[in-house]
Amino acid sequence: MSPEPRKPFAARVFDAVRAIPSGRVATYGDVAAAAGRPGAARAVGTLMANAGPRRIPAHRVVAAGGALGGYGGHEAEKAALLRAEGITVVGRRIRGFAAIRCEI
DNA sequence: GAAATGACAGAGT
DNA sequence: GACTCTGCCATTT
């Protein structure tokens, strides 16, 4: 069943990202699945890159395996934001990733 | 309508 | 554990 097929895929992606509470993270694949298109992790990244001035916690969206992923070339800032939420970031990886992974 | 782009994922080396 | 290659998908030009 389609939750909201009237809205574009991007809108559902943004909605899913906004549903991520502070101190939690979700992978691009999880966001894509939450948007109704599992496997479209790459599409999610593309949309985020072109999201423009959207007010969404994009820094809470990370790559699979606990990798930070990308952040428009500012992954260091992304790690800082995650740390500010109580998330332990080691290099380009997240410590206890499975523990803070939010199921959308 | 087709080709190119990009903030991925998984498997293999 | 880190790096490389291929596959997948939606958006934009």
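Here the structure is a predicted model, which is why all the values come from computation and not from measurement. Within every chain, numbering begins at 1; the chains are lettered A, B, ... in the order of the sequence lines, protein sequences first and strands thereafter.
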Generate the contact string for nucleotides 8-13 of chain B. Rules: B means base contact, S means sugar-phosphate contact only, - means no protein heavy atom under 4.0 Å.
BSS---
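Counting all heavy atoms, side chain and backbone alike, F14(A) lies closest to A51(A) at CE2-CB, 3.7 Å.
Applying the salt bridge (charged side-chain N to carboxylate O under 4.0 Å, His left out) test to E85(A) and every residue at least two apart in sequence or in another chain returns R60(A).
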What N/O pairs connect the protein and nucleotides 10-13 of chain C at under 3.5 Å? Give each pair on its own line.
from, atom 1, to, atom 2, distance (Å)
dA10(C), OP1, R37(A), NE, 3.1

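With values rounded to the nearest 0.5 angstrom, L47(A) atom CG is found 13.0 Å from R42(A) atom CZ.
One hydrophobic cluster, built from ILVMFWY side chains closer than 4.5 Å, cannot hold both I104(A) and F97(A); they sit in different ones. Residues V61(A) and I94(A) do not share a hydrophobic cluster, defined by chaining ILVMFWY side chains whose heavy atoms lie under 4.5 Å apart. The hydrophobic cluster containing I87(A) does not contain Y71(A), counting ILVMFWY residues as joined when their side-chain heavy atoms lie under 4.5 angstrom apart, directly or transitively.
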Just list the side-chain donor-acceptor pairs under 3.5 Å for residues 16-27 of chain A, sequence neighbours left out, or say none.
from, atom 1, to, atom 2, distance (Å)
R24(A), NH1, A99(A), O, 3.3
T27(A), OG1, D30(A), N, 3.1
T27(A), OG1, D30(A), OD1, 3.4
T27(A), OG1, D30(A), OD2, 3.3

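Checked by atom type and distance alone, the side chain of K78(A) never pairs as donor or acceptor with a backbone atom of G72(A) at under 3.5 Å.
Counting any heavy atom pair closer than 4.0 Å across all strands shown, A58(A) reaches a base atom.
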For M48(A) and I56(A): C-alpha separation, side-chain torsions, deciding distance, then whether side chain to side chain contact (heavy atoms under 4.5 Å, CB included) applies.
CA-CA 9 Å; M48(A) 297 307 244; I56(A) 59 176; 3.8 Å; yes
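One can place CZ of F14(A) at 12 Å from C1' of dA7(B), the figure rounded to the nearest angstrom.
Within the structure, every pair that satisfies the salt bridge (charged side-chain N to carboxylate O under 4.0 Å, His left out) test and touches residues 86-96 of chain A, not counting sequence neighbours, is listed here: E75(A)-R92(A).
Residues from residues 96-104 of chain A that place a heavy atom under 4.0 Å from any atom of DNA chain C: there are none.
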